[in-house]
Amino acid sequence: QIQDLTFLVKNYCLTELYLDNNELTDISGALKHLCSLRVLFLHNNDLKKLGKTVKELKGMISLHTLNLFQNPLAYDPAYRLYVIYFLPSVQLLDRKLVTERERESALHLHNPERSLLVQSIAFGKRVNRSLRTTVGSSGHTQPARGLIMPSGICNNRRKTPFENPEDAVLVRAVTRSLTEFSFVDWNKAATCQERRLQNKAEEPLEKVTVQFR
């Protein structure tokens, strides 16, 4: 019959907390300091406000298992995807594993712009830049106009996370491996007979090398 959680104010190191089957109506301000929490059971209470409840749990970056079923907030049609999106560390929600498809659906529902960005990156359509092309026999590569990186991006990969998630996705896109191929116009190559008749040094063929990111 617990209704108030003020007694938890000094329990900073809790990793598991079982508050199921009580009479809680609001947890605002009562749990946000529990940053080490990995398991939290809040099912079968009287929690009504989904947004306020999830906001209280956002700082729990280690939260792995969460139960919120049998609360009024769980009857919201968008409840599960909402929790999955705003609490990305949760792997087991209401006794059911969070799937990758659910994460994709949650991202598409709550952040459609980023969802489209991630999808375009996956198919190599986001980075708008010219190809790096090598022309001529000398082998000199002339890089195309460089990509203008978003502000705040640095070369030191340890400086994460990015303030803007799109910056992180873009950096990942431009650091992927390369596919390279070369080709020569063999119609311009002299045949064996032509080389013997001309009796002179053959000029090197023009080779074109293209790299795709």
Side-chain angles (χ1 to χ4, degrees), residues 1-115 117-118 121 150-154 156-172:
Q1 296 179 339
I2 295 176
Q3 299 179 355
D4 183 32
L5 299 178
T6 55
F7 61 90
L8 291 171
V9 67
K10 295 183 179 180
N11 296 86
Y12 294 98
C13 297
L14 283 178
T15 57
E16 299 183 12
L17 182 58
Y18 303 92
L19 293 169
D20 47 298
N21 304 310
N22 283 291
E23 298 178 0
L24 297 171
T25 59
D26 189 9
I27 61 172
S28 299
L31 300 179
K32 64 175 59 177
H33 61 287
L34 303 178
C35 298
S36 300
L37 212 58
R38 291 181 55 81
V39 177
L40 176 60
F41 285 5
L42 286 168
H43 56 278
N44 196 20
N45 278 280
D46 195 28
L47 300 173
K48 298 181 176 67
K49 298 181 179 180
L50 179 59
K52 290 183 66 175
T53 300
V54 171
K55 183 179 180 181
E56 184 69 14
L57 309 180
K58 278 187 176 181
M60 301 177 184
I61 58 176
S62 299
L63 188 61
H64 180 279
T65 303
L66 175 64
N67 281 353
L68 288 171
F69 62 92
Q70 291 183 347
N71 280 285
L73 57 79
Y75 296 103
D76 187 320
Y79 151 74
R80 185 171 176 87
L81 293 183
Y82 185 91
V83 175
I84 290 172
Y85 177 75
F86 287 102
L87 301 177
S89 64
V90 173
Q91 303 294 322
L92 188 65
L93 176 61
D94 295 343
R95 302 176 180 175
K96 183 180 178 183
L97 284 173
V98 176
T99 65
E100 194 61 34
R101 182 178 294 273
E102 286 180 318
R103 295 196 186 279
E104 293 174 359
S105 298
L107 180 63
H108 181 71
L109 178 63
H110 295 285
N111 195 342
E113 292 183 358
R114 186 181 177 191
S115 176
L117 173 66
V118 172
I121 288 296
S151 60
I153 292 184
C154 59
N156 189 348
R157 295 182 181 179
R158 297 180 181 178
K159 294 183 179 180
T160 56
F162 293 84
E163 293 183 1
N164 186 350
E166 294 185 3
D167 291 350
V169 176
L170 181 56
V171 169
R172 177 67 184 90

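By convention here, the first residue in the shown sequence is residue 1.
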If you apply the rule side-chain contact (heavy atoms from CB on, under 4.5 Å), what do you find for Leu8 with Leu17, and how did you get there? CA-CA 10 Å; Leu8 291 171; Leu17 182 58; 3.9 Å; yes
Is the number of heavy atoms from other residues, nucleotides or ligands under 6.0 Å of Leu109 CG greater than 12? yes
Check [X] against [Y] and note the closest heavy-atom contact, atom names and distance.
X	Y	answer
Phe41	Val39	CE1-CG1, 3.8 Å
Leu37	Glu16	CD1-N, 3.7 Å
Ala74	Leu68	CB-O, 3.8 Å
Ala30	Leu5	CB-CB, 3.6 Å

Are side-chain heavy atoms of [X] and [Y] found at a separation under 4.5 Å?
X	Y	answer
Thr53	Asn71	no
Ile84	Arg103	yes
Met60	Leu31	yes
Leu14	Ser36	no
Ile2	Asn45	no
Val90	Leu57	no
Glu100	Glu104	yes
Leu73	Val54	no

Starting at [atom1] of [X], measure out to [atom2] of [Y] and round the result to the nearest 0.5 Å.
X	Y	atom1	atom2	result
Glu23	Gln1	CD	CD	5.0 Å
Asn44	Asp20	CG	CG	7.5 Å
Arg95	Leu97	CZ	CG	13.5 Å
Thr25	Asp4	OG1	CG	9.5 Å
Thr99	Gln91	OG1	CD	11.0 Å
Arg38	Thr65	CZ	OG1	7.5 Å

Holding to ring-ring contact (aromatic ring centres under 6.0 Å, His included), I want the full list of residues that pass it with His110, two or more places apart in sequence or in another chain.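 So His110 forms a ring-ring contact (aromatic ring centres under 6.0 Å, His included) with Tyr82, Tyr85, Phe86.
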Asn67 (side chain) donor-acceptor with Leu42 (main chain) under 3.5 angstrom: no
Any donor-acceptor pair under 3.5 Å linking the side chain of Ser89 with the backbone of Leu63?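 Present.
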Polar side chain donor-acceptor pair, Tyr79 to Asp94, under 3.5 angstrom: yes
Please collect all salt bridge (Lys or Arg N to Asp or Glu O under 4.0 Å) contacts where either partner lies in residues 56-76, sequence neighbours excluded, each pair once. none
Once the angle between the rings of Tyr12 and His33 is folded into 0 to 90°, is it parallel (under 30°), tilted (30 to 60°) or perpendicular (over 60°)?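 Because their plane-to-plane angle is over 60°, the rings of Tyr12 and His33 count as perpendicular.
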Under a 4.0 Å threshold between the charged nitrogen and the carboxylate oxygen, would Lys52 count as salt-bridged to Asp26?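 Here Asp26 pairs with Lys52 in a salt bridge, since their nearest N and O are under 4.0 Å apart.
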